[in-house]
J.: 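Before we start, here is the structure in question, set down as structure tokens.
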There are 2 protein chains.
Amino acid sequence: MQKKFRSPCAIASTLDVLGDKWSLVLVRDMLIKGKKTFKEFSSSPEGIATGILASRLKLLESYGLITKRKLPDNKKENIYLLTEKGIDLAPVIMEITLWGDKYMRAYNEELSSYEALKKDKTVAINTVQKNYRQVVAQIIG
Amino acid sequence: MQKKFRSPCAIASTLDVLGDKWSLVLVRDMLIKGKKTFKEFSSSPEGIATGILASRLKLLESYGLITKRKLPDNKKENIYLLTEKGIDLAPVIMEITLWGDKYMRAYNEELSSYEALKKDKTVAINTVQKNYRQVVAQIIG
DNA sequence: TTAATTACTTTCAAATTAGAAGTAAAATGC
DNA sequence: GCATTTTACTTCTAATTTGAAAGTAATTAA
């Protein structure tokens, strides 16, 4: 499961793990959209195949970015939650969002906009992280 | 060449273009390491295959992140330079570097560290961008 | 003027992805 | 309490992408 790293570079090593089209979309689903279950991730507009989803969740779990658990009153659903390591990707997600908002609209006219984020980046990042931690606290107590 | 977008999400759309193991490594090579030629990119420690390199350079050029030109005194070498759009990826690169520096060392002990960046993120980003613009100005006048 | 360099392209095997279908356990409906 | 649906997968296969190596054409260096 664990991969080899191409070099001693922090960027390259991070991309060795997260450098694909899906991993950060899943982090976005959790952090921004509050998604928690396989079903919810499956239903994202991007349309991830279930096989890829299962393998990405495993990868993220193996690197400690997410945890997988069941709630006492539901033996069927698995709940996937970001760890602090995962929550700490918020600045990366936000900078990608800002860059995309600024430059990708020329290619994808449908892009939605992110006014709050553009107004105050630091506040927006802190808010998203704080909100997510509250969601986690409510679920695992 | 131009791809389809999976959704109206800025993150997903950005990853539709840059979401792979190589594109941001090339941006790093240019922005941080001042690399400019096919040969220089080829010689990075990550060891990109020449076929992949050629296709990535084409992709980045097609999305206006880089330009390709020849200098008057050298008909052989192509010079690849980041545009403003590409230079604007500095915050993304820096956040990925910070995250990787903090969390990937557990998996890749060889990781080099980034003290200046950790001390003042904003200054580090501005410095890198300013330096790169100077390099560009010196080359294209 | 021969050799080396640069920037590729081509080729092919291996790995990854996408899409569809299948499965087992748990929950829901009647 | 039994059949149906739901959830979270796994499996399968085809298509795409990657990686490694070798080849090529134009330019530059010796």
Side-chain angles (χ1 to χ4, degrees), chain A residues 1-7 12-13 15-26 29-30 34-63 66-81 139, chain B residues 1-7 12-13 15-26 29-30 34-63 66-81 139:
Chain A
M1 196 78 221
Q2 233 75 320
K3 307 182 172 183
K4 280 149 201 121
F5 294 101
R6 289 173 289 177
S7 77
S13 298
L15 294 175
D16 282 334
V17 177
L18 298 175
D20 68 80
K21 300 214 180 302
W22 290 112
S23 298
L24 288 176
V25 166
L26 291 178
D29 274 353
M30 295 188 241
K35 295 190 179 186
K36 298 177 293 293
T37 63
F38 195 96
K39 181 80 188 312
E40 288 173 316
F41 302 132
S42 279
S43 72
S44 286
E46 288 84 13
I48 190 170
T50 58
I52 310 283
L53 175 54
S55 79
R56 282 297 174 288
L57 289 171
K58 235 167 237 168
L59 181 78
L60 293 176
E61 198 188 359
S62 84
Y63 278 100
I66 64 174
T67 57
K68 176 183 179 178
R69 76 187 70 218
K70 283 187 205 297
L71 297 183
D73 59 336
N74 189 329
K75 285 170 190 152
K76 192 158 66 164
E77 280 188 336
N78 288 317
I79 306 290
Y80 296 93
L81 296 172
I139 291 169
Chain B
M1 197 76 220
Q2 233 73 323
K3 308 185 172 181
K4 280 152 202 117
F5 294 101
R6 291 173 289 177
S7 76
S13 299
L15 294 175
D16 282 333
V17 176
L18 298 174
D20 67 81
K21 300 213 181 301
W22 291 111
S23 298
L24 288 176
V25 167
L26 292 177
D29 274 353
M30 295 188 241
K35 296 190 178 184
K36 295 177 294 294
T37 63
F38 195 95
K39 181 79 188 311
E40 289 174 316
F41 302 132
S42 278
S43 73
S44 285
E46 289 83 14
I48 189 169
T50 57
I52 310 281
L53 175 53
S55 78
R56 281 297 174 288
L57 289 172
K58 236 167 237 168
L59 181 78
L60 294 176
E61 198 188 359
S62 83
Y63 278 101
I66 64 174
T67 56
K68 176 182 178 178
R69 75 187 71 220
K70 284 187 204 298
L71 297 183
D73 60 336
N74 189 328
K75 287 171 187 149
K76 191 158 67 162
E77 280 187 335
N78 288 317
I79 305 290
Y80 296 93
L81 295 174
I139 291 168

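Residue numbering restarts at 1 for every chain, and letters A, B, ... go by the order of the sequence lines.
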J.: B:Phe41 has an atom CZ; how far is it from atom P of C:dT6, in whole Å?
T.: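 Rounded to the whole Å, the gap is 14 Å.
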
J.: Would you list the protein and nucleotides 27-30 of chain C atom pairs, both N or O, that sit under 3.5 Å from each other?
T.:
from, atom 1, to, atom 2, distance (Å)
C:dA27, OP1, A:Lys75, N, 2.6

J.: Any protein N or O atoms within reach of nucleotides 18-23 of chain C? Criterion: under 3.5 Å, listing atom names and distances.
T.:
from, atom 1, to, atom 2, distance (Å)
C:dA18, OP2, A:Trp22, NE1, 3.0

J.: Mind checking the CG-NZ spacing from B:Leu15 to A:Lys21? Nearest 0.5 Å is all I need.
T.: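 Between atom CG of B:Leu15 and atom NZ of A:Lys21 there are 7.0 Å.
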
J.: Please check the phosphate of D:dC9 (OP1 and OP2 only) for any side-chain N or O of A:Asn78 closer than 4.0 Å.
T.: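 A:Asn78 to D:dC9 OP1/OP2: side-chain N or O found under 4.0 Å.
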
J.: Please confirm whether the shortest side-chain N or O distance from A:Lys58 to OP1 or OP2 of D:dT10 is below 4.0 Å.
T.: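 For A:Lys58, the contact criterion (side-chain N or O under 4.0 Å from OP1 or OP2 of D:dT10) is met.
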
J.: Report, one pair per line, the protein and nucleotides 12-14 of chain C atoms (nitrogen or oxygen only) whose separation is under 3.5 Å.
T.:
none

J.: Looking only at side-chain atoms of B:Arg56, point me to the closest of C:dA7, D:dC9, D:dT18.
T.: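 When the side chain of B:Arg56 is considered, D:dT18 is the closest of C:dA7, D:dC9, D:dT18.
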
J.: Less than 4.5 Å apart, side chain to side chain, heavy atoms only: is that true for A:Ser23 and A:Val17?
T.: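 Result no, sub-4.5 Å side-chain heavy-atom pair not found.
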
J.: Separation of A:Leu71 atom CG from C:dA26 atom C1', in whole Å?
T.: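 So the two atoms are 14 Å apart, to the nearest Å.
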
J.: Measure the distance from CG on B:Asp16 to P on D:dT17 and round it to the nearest whole Å.
T.: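 From B:Asp16 CG to D:dT17 P: 13 Å.
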
J.: How close do A:Ile48 and A:Ser42 get, heavy atom to heavy atom, and via which atoms?
T.: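 Nearest pair, atom of A:Ile48 first, then A:Ser42: CG2-CA, 4.4 Å.
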
J.: In whole angstroms, how far is the P atom of C:dA15 from the CG atom of A:Asp20?
T.: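 Rounding to the nearest Å, CG of A:Asp20 and P of C:dA15 are 18 Å apart.
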
J.: Please answer whether the main-chain N or O of A:Phe38 pairs with a side-chain N or O of A:Asn78 as donor and acceptor at a distance below 3.5 Å.
T.: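 No, A:Asn78 side chain to A:Phe38 backbone: no donor-acceptor pair under 3.5 Å.
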
J.: Kindly give the heavy-atom pair with the smallest separation between A:Asp29 and A:Ser44, and that separation in Å.
T.: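 So the minimum-distance heavy-atom pair works out to OD2-OG, 2.6 Å.
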
J.: Taking NZ from A:Lys70 and P from C:dA26, how many angstroms apart are they, rounded to a whole number?
T.: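 It works out to 8 Å between those atoms.
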
J.: Just to be sure I understand the rule, does A:Lys68 reach a base, reach only the sugar-phosphate, or reach nothing, if contact means heavy atoms closer than 4.0 Å?
T.: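 Sugar-phosphate: the residue A:Lys68, judged by heavy atoms under 4.0 Å, touches backbone atoms but no base.
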
J.: For B:Thr37, answer base if it contacts any base atom (sugar-phosphate contacts may also be present), sugar-phosphate if it contacts only those atoms, and nothing otherwise; contact means non-hydrogen atoms under 4.0 Å.
T.: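 Sugar-phosphate contact only.
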
J.: Rounding to a whole Å, what distance do you find between B:Leu53:CG and C:dC8:P?
T.: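 Between P of C:dC8 and CG of B:Leu53: 8 Å.
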
J.: Do the side chains of A:Met30 and A:Phe41 get nearer than 4.5 Å, heavy atoms only?
T.: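 Yes, their side chains come closer than 4.5 Å.
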
J.: Check whether B:Lys68 reaches the backbone of B:Ile66 with its side chain - one donor and one acceptor, N or O, closer than 3.5 Å.
T.: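 Side chain of B:Lys68 to backbone of B:Ile66: no pair is present.
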
J.: Could you check how far CZ of A:Arg6 sits from C1' of D:dT18, rounded to whole Å?
T.: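 Going from A:Arg6 (CZ) to D:dT18 (C1'), I get 12 Å.
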
J.: Kindly say whether B:Ala12 contributes a backbone atom to a donor-acceptor pair with the side chain of B:Arg6 at under 3.5 angstrom?
T.: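 Yes.
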
J.: Would you mind reporting whether A:Leu81 and A:Arg69 have side-chain heavy atoms less than 4.5 Å apart?
T.: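 They are in contact (side-chain heavy atoms under 4.5 Å apart), so the answer is yes.
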
J.: Measure the CG-CG distance between B:Asp20 and A:Asp20 for me, rounded to the nearest 0.5 Å.
T.: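 If I round to the nearest 0.5 Å, the distance is 9.5 Å.
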
J.: What closest approach, in Å, do A:Ser7 and A:Ser13 show between heavy atoms, and which atom pair accounts for it?
T.: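 Nearest heavy atoms, A:Ser7 then A:Ser13: O-OG, 3.3 Å.
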
J.: Tell me the interatomic distance from A:Glu46, atom CD, to C:dT17, atom P, rounded to whole angstroms.
T.: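 Answer to the nearest Å: 16 Å.
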
J.: Closest heavy-atom contact between A:Ser43 and A:Glu40?
T.: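 Scanning both residues, the minimum pair turns out to be OG-O, 2.8 Å.
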
J.: Any side-chain N or O of A:Lys36 less than 4.0 Å from the OP1 or OP2 oxygen of D:dA8?
T.: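 No.
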
